[in-house]
> 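Encoded as structure tokens, here's the structure I'll be asking about.
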Amino acid sequence: MHIEKIPTPAYVLDEEKLIKNLEILKGVQERTGCKILLAQKAFSMFCEYPLIGKYLSGTTASGLYEARLGHEEMGKENHIFSPAYRESEIDEIADICDHVIFNSFSQLRRFGPRCRGKASIGLRINPECSTQGNTVGAASQDSSTSTVADAASLDFSTSTAVGAASQDSSTSTAADAVSLDFSTSTAAGAASQDFSTSTAAGAVSQDFSASAVVGAISPESSPNSNETGTSEVHPAIYDPCAPGSRLGITQEIFEREMKISAQLSGHSVSFRQKLSDQQKDCMGRSERTLDSRKSQERAGESFVDGCRPDTLACVDGCGPDILACVDGLHFHTLCEQNSDALETTLAAVERRFGPYLKRMKWLNMGGGHHITRADYDLERLERCIRHVQDTYDLQVYLEPGEAVALNAGYLVTEVMDIVENGGTTTLILDASAACHMPDVLEMPYRPPLLGSGQPQEKPYTYRLSSCTCLAGDIIGDYSFDREIHPGDRLYFEDMAIYSMVKNNTFNGIALPSIWVMGAAERAVRNVAESVTQETAESTERKTADGAAKKTAERAAWKTAEGTAQKMAESAAKQFALSEGDMSQGVKVSPGRECYLVKEFGYEDFKGRLS
């Protein structure tokens, strides 16, 4: 079934573009020796894991369920990081994960001994180097008529936005609103959005360029000496180095623990064992009372330089040298950024944690690397990787999520109705920002839409919304070359990432079905392999003679090659026709079939509730 015929709403993965991204990532691995993992939090379409596993080194997870998915469906290296682990899950995690990364020394002391011998243990560090505009706390956002105290706050409940919002989707290049050129169209980054006429107190002025909020947040100096990085600006909600962040161990805390570890190593085994026993008794108490002398005296505990036993290195598992338990360090500080941001961050990591890197076997440089976007500086990335490898003699890992499936998916939706109010014409869609693309409201951002333009750029301007009861379930304002009618289809781009993994059934809105628009090359290969197997098996059943079997295999491959060649020629003709028609603005399909992966219904909605 072609994409313009599938039931809506529907997510459609463009497998051809997925493969193109994977080839770029594989090239980085081959040229540098680093290992790249799929961050499943962004893209967990596991029917594609066998394909992805041919290019990448494995998966990374944020919890047990993602870890199980990577283990079961890809079966390669399987890493996990979580701010905290459950007592009831840690043993299973250690059994199925190759790397277990802890967010604190207290978690390391508690669970490290249970992972040791099963998984390589790591610690997440916080280099306190923000490269996302150096956002601080509640960043201020400025527009011509509205301000908001919280960078992540978006309140449409009291908004009375007047007129059409000024929006920019300059990266959409299709000439016709419903013309489908899926073989060549790309979403080169999120378009800009500016609610300059909004009178709501909670309205947010947004200006996105290349998936970054340019000028939306006013950078300030950090009160805790966060280093200033490069200038791609994002809301503080996405900045792991924002002041007070719960993610990663700062240099101050790391060095405090090393001091305690050094002090313990000078004490007798019996003394350390006593502290370990006291540690077990204290396990689970809040670390916010660590420096409370009154609490220490009341508990009647023993101390080393005023530190409670539950801050001390674990004796019975890791020994007095707590880093003896640790094989690697991990940092994740980027969000949709280029490699100059990594270079800045890496310099901060070396300044703060360089001495400890010399003791490690690996360094995981996290995600947020937009490696597959058109303007990404691959040479700088590879220099950074080689520098770490050459300086510290360790294995480098990267774990991008978006880069794997960037610009490789669509959300297909149908116009159900058109309503008007005060000069604003709104298209009611069967897709929803709140339910099907939550980042539109969470970031917020305006998703690229095939064949559209900024408001008033093209003759017909509409606001796009949905069937939910949420007044603020607004996707954005777009313009088109022709008038839109109920029954027309629209195609949102870059919808493979952070969509299927975050959607919901609010209001009982149905989940979109999931489809794959197969790559012609892969389809040819699959058919060839299938024909080969079937022909060989059929001939083998007729004779057990070895020579005959070899002859059968050769004949099978010849048959498969002929079939593959015919398919390739047919696909080439379809693509050529598609591209020719598109140049004339005629509505066509690109000639590739879409295959249903998963369909959702009432039972899926009901099953999530009881």
Side-chain angles (χ1 to χ4, degrees), residues 11 13 18 36-53 56-104 107-108 110-112 114-115 118-122 124 238 240 246-248 330 332 364 366-368 397-405 409 435-439 442 495-506 511-514 516 597-601 603-610:
Y11 297 117
L13 176 75
L18 174 67
I36 297 181
L37 311 172
L38 165 67
Q40 296 178 95
K41 64 181 180 181
F43 182 71
S44 297
M45 194 171 174
F46 61 88
C47 68
E48 295 294 325
Y49 281 16
L51 171 65
I52 295 172
L56 304 187
S57 296
T59 53
T60 184
S62 301
L64 175 59
Y65 290 173
E66 280 186 356
R68 286 184 56 182
L69 188 66
H71 175 70
E72 294 169 4
E73 301 297 334
M74 192 175 297
K76 302 187 73 174
E77 281 201 50
N78 198 26
H79 296 201
I80 187 170
F81 163 79
S82 177
Y85 295 97
R86 293 181 181 274
E87 173 79 27
S88 59
E89 296 178 350
I90 191 63
D91 292 327
E92 183 177 358
I93 286 172
D95 287 338
I96 65 176
C97 290
D98 298 286
H99 287 196
V100 177
I101 301 170
F102 296 101
N103 190 56
S104 67
Q107 284 272 297
L108 172 63
R110 184 178 181 186
F111 295 126
R114 291 164 65 172
C115 297
K118 297 180 178 180
S120 182
I121 296 174
R124 178 166 177 168
Y238 296 108
R246 75 188 190 282
L247 300 173
H330 164 75
H332 181 148
N364 186 323
Y397 288 91
L398 301 175
E399 47 184 53
E402 289 198 13
V404 174
C435 297
H436 305 150
M437 35 184 162
D439 274 0
E442 182 179 300
M495 282 292 150
I497 51 178
Y498 290 110
S499 53
M500 292 172 271
V501 296
K502 297 185 73 171
N503 61 20
N504 61 79
T505 56
F506 171 65
L511 295 172
S513 55
I514 300 175
V516 172
V597 174
K598 177 71 174 179
E599 194 171 37
F600 300 93
E603 292 303 324
D604 297 286
F605 162 70
K606 183 179 179 183
R608 297 174 72 159
L609 303 175
S610 62

> Where do G58 and K76 come nearest, in terms of heavy atoms and distance?
CA-CB, 3.9 Å
> Looking at V597 and C47, what are the two nearest heavy atoms and their distance?
CG1-SG, 3.9 Å
> Do L18 and V404 make a side-chain contact, defined as non-hydrogen atoms from C-beta onward lying under 4.5 Å apart?
yes
> Passes side chain to side chain contact (heavy atoms under 4.5 Å, CB included), C97 versus N78? Steps please.
CA-CA 5 Å; C97 290; N78 198 26; 4.0 Å; yes
> Answer whether the closest heavy-atom distance between the side chains of Y238 and E442 falls below 4.5 Å.
yes
> Hey, are R114 and E87 close enough for a salt bridge, meaning a charged N less than 4.0 Å from a carboxylate O?
yes
> Less than 4.5 Å apart, any side-chain heavy atom of Y397 and any of E77?
yes
> Measure from the side-chain N and O atoms of N103 to the backbone N and O of R246, and report whether any donor-acceptor pair falls under 3.5 Å.
yes
> Rounded to the nearest 0.5 Å, how far apart are CD1 of I514 and CZ of F600?
4.0 Å
> Classify the side-chain pair E89/Y65 by whether it contains a donor and acceptor separated by less than 3.5 Å.
no
> Between A94 and A119, what is the shortest heavy-atom contact and its length?
O-CB, 4.2 Å
> Distance check, rounded to the nearest 0.5 Å: T59 atom OG1 versus L69 atom CG?
8.0 Å
> Are L37 and S57 packed together at the side-chain level, in the sense that at least one heavy-atom pair is separated by less than 4.5 angstrom?
yes
> Would you compute the distance between atom NZ of K118 and atom CD1 of I90 and round it to the nearest 0.5 angstrom?
9.5 Å
> Looking only at heavy atoms, what is the nearest atom pair of A61 and A67, with distance?
CB-N, 3.3 Å
> Please state whether the rings of F102 and F111 are parallel, tilted or perpendicular, taking 30° and 60° as the class boundaries.
parallel
> Just wondering, do M495 and H436 contact through their side chains at under 4.5 Å, heavy atoms?
no
> Rounded to the nearest 0.5 Å, what separation is found between the NE2 atom of H71 and the CG atom of D98?
9.5 Å
> How close do A496 and L13 get, heavy atom to heavy atom, and via which atoms?
CB-CD1, 4.0 Å
> Under a 4.5 Å cut-off applied to non-hydrogen side-chain atoms, are Y498 and K41 in contact?
yes
> Nearest 0.5 Å please: distance from the CD1 atom of I96 over to the CD atom of E72.
7.5 Å
> Where does the angle between the aromatic ring planes of H79 and H99 fall among parallel (under 30°), tilted (30 to 60°) and perpendicular (over 60°)?
parallel
> Could you give the distance from CZ (R608) to CG (N504), rounded to the nearest 0.5 Å?
6.5 Å
> Determine whether a donor-acceptor pair (N or O, by modelled atom type, separation under 3.5 Å) exists between the side chain of K502 and the backbone of D439.
no
> Determine whether E48 and V516 satisfy the following criterion, side chain to side chain contact (heavy atoms under 4.5 Å, CB included), listing intermediate values before the conclusion.
CA-CA 9 Å; E48 295 294 325; V516 172; 3.5 Å; yes
> So do the side chains of I80 and Y85 get within less than 4.5 Å of each other, counting heavy atoms only?
yes
> Out of the candidates I101, T60, N364, only one should pair with F81 under the side-chain contact (heavy atoms from CB on, under 4.5 Å) rule; please name it.
I101
> What pair of heavy atoms forms the shortest contact from A405 to I497, and how long is it?
CB-CG2, 3.8 Å
> Please examine the side chains of Y49 and Q40, heavy atoms only from C-beta on, and report whether any two atoms are closer than 4.5 Å.
yes
> Check the pair F46, M74 against side chain to side chain contact (heavy atoms under 4.5 Å, CB included), reporting the backbone distance first and the verdict last.
CA-CA 8 Å; F46 61 88; M74 192 175 297; over 6 Å; no
